[in-house]
2 protein chains.
Amino acid sequence: MSVTNQEASRPATLPRLPEELLASTSFLLKRLGFAAKYQALTAYERSGLNPYHHAVLAVLDEGSRETQGAIADALGYDRGQLVGLLDELEEQKLVQRRRDPADRRRHTVQLTPDGKRTLAKLRATAKRLDDELLATLDESERAQLHALLVKLAQQHLPHCTPGAPNTPPPAARH
Amino acid sequence: MSVTNQEASRPATLPRLPEELLASTSFLLKRLGFAAKYQALTAYERSGLNPYHHAVLAVLDEGSRETQGAIADALGYDRGQLVGLLDELEEQKLVQRRRDPADRRRHTVQLTPDGKRTLAKLRATAKRLDDELLATLDESERAQLHALLVKLAQQHLPHCTPGAPNTPPPAARH
DNA sequence: TATTGTTATACTCTATAACTATA
DNA sequence: TATAGTTATAGAGTATAACAATA
């Protein structure tokens with residue numbers, strides 16, 4: 001299995017995905033989504049954070065959803081899952097938890113100045129990932145693709161548009 | 001958290017994904033890919049099979065990649081992972097393993113008539129999944145989306161096009 | 001009694017590598 | 001020694017539910 005095989009010796013045995021799978025948009029979406037996740041995980045690794053952390057910081061930066069429940073709901077994360085993420089963010093001093101005096105069951109979460117700075121870096125990472133992903137598309141194709149995905153998201157992802165609470169998939173992966 | 005909150009009482013606390021994530025094509029791809037995977041798993045469930053089984057049957061139906069190694073390589077599956085899938089397919093009499101007399105280390109795998117029939121059903125399921133996924137897009141948009149995803153696949157998925165063996169992500173998920 | 005955040009448990013997936021039989 | 005297929009083990013990731021504090 002070293003040389004040959006790519007060429008003509010066993011031409012039909014090339015490791016090629018079946019046509020019927022490549023013809024399925026759903027299949028491509030699954031594989032590309034997985035590849036994107038893998039790329040993202042790798043890219044965020046160096047910062048000691050992951051895309052989930054970025055998502056949490058992004059919610060906080062928009063303000064107005066600062067209790068843990070609201071953050072989890074906005075992102076579709078399980079609340080138990082969020083606890084660990086916040087622990088890690090707090091340990092790096094990127095966010096701060098405070099008990100809500102009005103309802104002492106609640107925790108209020110805020111971005112710290114460090115958190116803001118880190119968020120800026122994570123945005124740059126995300127931008128780079130998008131650029132790498134879309135490298136072979138021109139501007140118009142990128143816009144087209146994004147618009148089409150937004151349309152699908154409105155139909156299939158919870159919290160993407162007012163109207164539709166659809167069958168919720170389990171927790172969520174960034 | 002029962003009534004109100006959706007309306008005007010706490011308008012800013014809606015469980016809505018942050019804009020900066022929705023603006024990322026990579027993010028949408030990840031979420032939609034995950035949703036598609038979830039939908040597919042659910043849809044295949046009734047048949048006692050899953051999308052991985054479908055993929056294996058699809059490879060076999062194209063002929064010419066009939067040893068376990070070739071199947072695994074075509075789909076990007078780990079060979080250990082494939083063993084279990086084939087066990088399950090063989091138990092349902094959808095495929096048959098035979099030892100290759102020319103090289104007794106190898107197993108040759110064939111579709112049975114039942115396997116062919118089942119594959120036809122799985123194709124119908126896959127078709128339905130695609131239709132549901134793309135329900136809100138018209139024919140032209142569907143074609144556009146698929147073409148764009150194929151372009152990304154050629155760049156980012158192994159085995160999608162001759163030329164480029166790119167950094168291989170771990171095993172693979174349907 | 002219900003809810004917020006937390007912790008613990010169990011289960012699924014997957015990555016790795018040991019193992020066998022053949023070459 | 002290397003390869004095809006198999007099996008076993010360990011680790012990560014995730015779903016579930018129990019729990020303590022507060023309402």
Side-chain angles (χ1 to χ4, degrees), chain A residues 1-5 10 13 15 30 34 37-38 40-42 44-45 50-53 56 65-91 95-109 168-174, chain B residues 1-5 13 15 30 34 37-38 40-42 45 50-53 56 65-91 95-109 168-174:
Chain A
M1 193 78 79
S2 50
V3 190
T4 63
N5 193 18
R10 270 181 166 182
T13 314
K30 283 188 280 185
F34 198 87
K37 180 181 177 178
Y38 179 76
L41 239 27
T42 306
Y44 280 83
E45 217 164 53
N50 61 39
Y52 296 84
H53 294 120
V56 172
R65 284 161 303 181
E66 304 183 332
T67 69
Q68 297 191 197
I71 296 166
D73 291 349
L75 296 170
Y77 294 172
D78 178 86
R79 293 179 184 206
Q81 186 183 1
L82 184 64
V83 172
L85 291 172
L86 288 175
D87 287 347
E88 290 152 4
L89 288 170
E90 203 169 24
E91 202 203 345
V95 305
Q96 189 180 17
R97 273 188 271 218
R98 292 189 206 145
R99 211 165 265 289
D100 183 347
D103 180 345
R104 292 185 42 76
R105 291 173 304 182
R106 283 184 154 91
H107 277 167
T108 262
V109 188
R173 42 349 340 190
H174 180 199
Chain B
M1 192 80 79
S2 51
V3 190
T4 64
N5 193 19
T13 313
K30 284 189 278 184
F34 197 88
K37 180 180 177 182
Y38 178 76
L41 238 29
T42 306
E45 217 164 53
N50 61 41
Y52 296 83
H53 294 119
V56 172
R65 284 160 303 180
E66 303 184 332
T67 68
Q68 297 191 195
I71 297 166
D73 290 349
L75 295 170
Y77 294 173
D78 177 87
R79 292 178 185 207
Q81 186 184 358
L82 184 64
V83 172
L85 291 172
L86 288 175
D87 287 347
E88 289 152 4
L89 289 170
E90 203 168 27
E91 202 205 345
V95 307
Q96 192 180 15
R97 273 187 271 216
R98 290 188 208 148
R99 211 164 266 290
D100 182 346
D103 181 344
R104 291 185 42 75
R105 291 173 303 179
R106 283 186 155 88
H107 276 167
T108 263
V109 188
R173 39 1 325 207
H174 179 198

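Every chain is numbered from 1, with letters handed out A, B, ... down the list of sequences.
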Item to complete: Please determine, for the side chain of A:Asp78, which listed nucleotide (C:dT14, D:dT16, C:dG5) has the closest atom?
Response: D:dT16
Fill in: Candidates C:dT14, C:dT6, D:dT6 - which lies nearest the side chain of B:Lys37
C:dT14
Practice prompt. For B:Glu66 and D:dA4, give me the distance from atom CD to atom C1', rounded to whole Å.
Written response: 16 Å
Worksheet item: Taking the side chain of A:Gln81 as its heavy atoms from C-beta onward, which of D:dG5, D:dT14, C:dT6 lies nearest to it?
Response: D:dT14
Check the interface with nucleotides 21-23 of chain C: list each N/O to N/O pair with the protein under 3.5 Å, or write none.
unit_1: C:dA23; atom_1: OP1; unit_2: B:Arg104; atom_2: N; d: 3.0

Discussion item. Expressed as a whole number of angstroms, how long is the span from A:Gln68:CD to D:dT22:C1'?
Written reply: 15 Å
Worksheet entry | Partner set under salt bridge (charged side-chain N to carboxylate O under 4.0 Å, His left out) for B:Asp87, not counting sequence neighbours | B:Arg97
Worksheet item: Roughly, in whole Å, what's the span from CG in B:Asn50 to P in C:dT12?
Response: 14 Å
Discussion item. For the CZ atom of A:Phe34 and the NZ atom of B:Lys37, what is their distance to the nearest 0.5 Å?
Written reply: 6.5 Å
Item to complete: List the atom of A:Arg79, the atom of A:Ala72, and the distance in Å for their closest heavy-atom pair.
Response: CG-CB, 3.9 Å
Worksheet item: What's the shortest heavy-atom distance between B:Pro51 and B:Leu41, and which atoms?
Response: CD-CD1, 3.5 Å
Discussion item. Nearest 0.5 angstrom please: A:Ile71 CD1 to A:Leu75 CG, how far?
Written reply: 8.0 Å
Discussion item. In the structure I gave you, are the side-chain heavy atoms of A:Leu85 and A:His53 within less than 4.5 Å of one another anywhere?
Written reply: yes
Practice prompt. Round to the nearest Å and state the distance from B:Leu82 atom CG to C:dA15 atom P.
Written response: 14 Å
Worksheet item: CD of A:Gln68 to CZ of A:Arg105: how many Å apart, nearest 0.5 Å?
Response: 13.5 Å
Response to the item:
note: B:Leu86, atom CG; D:dG5, atom C1'; distance rounded to Å ~ 10 Å
Practice prompt. Can you tell me the distance, in whole Å, between the CZ atom of A:Arg106 and the P atom of D:dT22?
Written response: 15 Å
Practice prompt. Measure the distance from OH on A:Tyr77 to P on C:dG5 and round it to the nearest whole Å.
Written response: 17 Å
Worksheet item: How long is the line joining CZ of A:Phe34 and C1' of C:dC13, in whole Å?
Response: 10 Å
Worksheet item: Would one find a side-chain N or O of B:Arg79 under 4.0 angstrom from OP1 or OP2 of D:dA4?
Response: yes
Worksheet item: Below 4.0 angstrom from OP1 or OP2 of D:dT14, is there any side-chain N or O of A:Tyr52?
Response: yes
